[in-house]
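Below is one structure, written out as structure tokens; comments come after it.
Protein chains get the first letters and strands the later ones, always in sequence-line order, with residue 1 at the start of each.
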Number of protein chains: 2
Amino acid sequence: MITLYLAEDQSMLSSALAQLLNLEDDLKVLGTSGDGQTAWLDINRLKPDIAILDIEMPKATGLDVADDILAAHLATKVIILTTFAQKAYFARAVKAKVSGYLLKDSPSDDLVTAIRNVMTGQTIYDPELVRNMVNAADNPLSDQEMVVLKSAADGDTTKEIAEKLFLSNGTVRNYLSAIFSKLGVHNRLEAVNMAKNNKWF
Amino acid sequence: MITLYLAEDQSMLSSALAQLLNLEDDLKVLGTSGDGQTAWLDINRLKPDIAILDIEMPKATGLDVADDILAAHLATKVIILTTFAQKAYFARAVKAKVSGYLLKDSPSDDLVTAIRNVMTGQTIYDPELVRNMVNAADNPLSDQEMVVLKSAADGDTTKEIAEKLFLSNGTVRNYLSAIFSKLGVHNRLEAVNMAKNNKWF
DNA sequence: GAATAGGGATGACAAATGTCACATGATTCA
DNA sequence: TGAATCATGTGACATTTGTCATCCCTATTC
């Protein structure tokens with residue numbers, strides 16, 4: 001019997017999957033939750049064989065939970081189940097040594113198969129993911145630049161950014177200029193769009 | 001026996017729901033698809049009792065499909081199943097005389113209940129939706145203003161917007177200024193953020 | 001100890017942006 | 001018919017943005 005835990009903030013999917021998985025003779029869902037925080041508490045308590053984690057959830061992401069599981073040396077294996085084939089997400093997942101990374105646009109049968117395969121020690125990455133990885137852009141921005149860009153993304157003016165970050169007006173403009181040149185764009189909106197499309201935030 | 005059609009572009013959810021619904025004695029899923037165009041073709045051919053439609057899908061939205069169904073005077077009833085409790089979406093759904101509007105963060109059992117209730121002639125709106133409707137902002141922008149804002153949202157500069165829309169530079173700036181004043185903001189980025197948050201695009 | 005790189009800052013400049021007041025022709029509505 | 005409204009445009013203005021060259025200070029490295 002393989003025991004499972006399901007963390008997914010979309011109830012429709014979460015409840016549907018839980019019911020389906022429980023129909024399988026060899027699978028048992030020990031619990032579910034809709035946010036990363038309770039997910040981690042539950043997992044640490046219930047110690048399921050496999051935790052199926054969505055990435056974008058309230059309070060803590062599935063990747064945060066995966067980190068926690070790794071740090072606590074639990075035997076629980078992790079399958080990430082997400083909409084997003086983003087390089088950055090995938091890279092973090094690999095660092096957290098997850099056993100599987102599935103996309104929500106594969107059918108639910110794939111999840112069942114993945115669960116059984118992961119249980120035998122295999123590592124499962126969605127093939128579409130690997131394709132997307134190739135032409136995905138790496139984030140070329142420094143930490144500081146990202147902070148500036150994030151603030152700009154909120155619609156903050158140069159002056160407001162400068163005040164928030166305790167920098168001078170000119171410095172902020174320099175940072176933005178450097179950001180644009182790195183990204184090959186010429187204004188804030190384009191830079192923000194690019195960052196959002198690549199999920200750099 | 002209630003016959004169903006399922007249009008949902010996220011395979012994981014679509015396949016899971018289809019399996020679950022088919023487990024019910026009185027329900028039968030005639031078909032599924034992941035885009036609005038094939039959904040409409042299938043529905044017109046299969047004439048299910050109820051079509052369950054996601055809104056945001058490739059090629060045509062669920063609301064487009066609902067319009068088609070209404071225009072063709074099919075007996076098929078429509079249940080919209082979406083992530084978004086947006087005023088604009090809901091208003092369009094009501095205009096298309098849909099029989100139900102459910103959010104994906106309600107459990108799948110709710111969907112089953114809704115299907116049976118809709119079949120008896122009831123109209124089902126997610127209660128959370130009604131709550132969200134109250135404090136949701138209406139889009140105060142004119143069509144032309146929306147076009148301008150959309151272009152700006154792509155990162156286009158004033159000049160580029162003017163060229164695209166065959167307007168003078170000054171006119172575009174006037175439009176943007178009017179937009180900002182209506183929205184209570186002071187630059188493009190803020191305006192775009194507000195529009196995106198309210199799903200005005 | 002000199003060279004180098006990186007974070008932060010200045011000053012200067014051109015261009016873009018945001019704001020206003022106002023003009024004109026077309027449409028709508030009383 | 002006349003008033004009101006709307007879409008579009010102009011000109012003028014103050015600010016903000018984006019770009020660049022250059023500078024200072026502090027680590028880091030050879």
In terms of the nearest nucleotide of DNA chain D, which residue is placed more toward the 5' end: A:Gly170 or A:Asp156?
A:Asp156
Any chance NZ of B:Lys159 has more than 12 other-residue heavy atoms, nucleotides or ligands included, within less than 6.0 Å?
no
Candidates D:dT17, D:dG9, D:dG18 - which lies nearest the side chain of A:Thr158
D:dT17
Side-chain contact test, heavy atoms from C-beta onward, threshold under 4.5 Å: evaluate it for B:Ile124 versus B:Ile79 and give yes or no.
no
B:Arg188 side chain: which of C:dG18, D:dG18, D:dA21 is closest?
C:dG18
Calculate the interatomic distance between A:Leu165 atom CG and C:dG7 atom P; express it in whole Å.
14 Å
Picking from D:dG18, C:dT19, D:dA21, the nucleotide nearest the side-chain atoms of A:Asn174 would be D:dA21
Charged N to carboxylate O below 4.0 Å: is that the case for A:Asp54 and A:Lys104?
yes
Give one of base, sugar-phosphate or nothing for A:Asn187, where a contact means two heavy atoms less than 4.0 Å apart.
sugar-phosphate
Side-chain N,O (A:Ser177) to OP1/OP2 (D:dG18) below 4.0 Å
no
Verify the neighbour count for atom NZ of B:Lys196: are there more than 12 heavy atoms of other residues, nucleotides or ligands below 6.0 Å?
yes
The nucleotide from C:dG8, D:dG9, D:dA21 with an atom nearest the side chain of B:Ser168 is D:dG9
Scan A:Ser181 against the nucleic acid and name what it touches under 4.0 Å (heavy atoms): base, sugar-phosphate only, or nothing.
nothing
Atom-to-atom span, CG of B:Asn169 to P of C:dA15 - whole angstrom:
14 Å
Take atom OH of B:Tyr175 and atom P of D:dA7, then tell me their distance rounded to the nearest Å.
6 Å
Would you kindly check if the NZ (Lys) or CZ (Arg) of B:Lys199 is within the cone defined by 45 degrees around the ring axis of B:Tyr89 and under 6.0 Å from the six-membered ring centre?
no
Between CD of B:Gln144 and P of D:dC6 the distance, given in whole Å, is 14 Å
Take the protein atom CG of A:Leu176 and the nucleotide atom C1' of D:dG18, then report the distance between them rounded to whole Å.
9 Å
So what does A:Thr157 touch, heavy atoms closer than 4.0 Å: a base, only the sugar-phosphate, or nothing?
sugar-phosphate
Let me know the distance between CZ of B:Arg173 and P of D:dT15, rounded to the nearest Å.
16 Å
Provide, to the nearest angstrom, the distance between the CG atom belonging to A:Leu189 and the P atom belonging to D:dT17.
12 Å
Expressed in angstrom and rounded to an integer, what is the separation of B:Ile179 atom CD1 from C:dG18 atom P?
10 Å
DNA chain D nearest-nucleotide lookup for A:Val185 and B:Leu167: closer to the 5′ end is B:Leu167
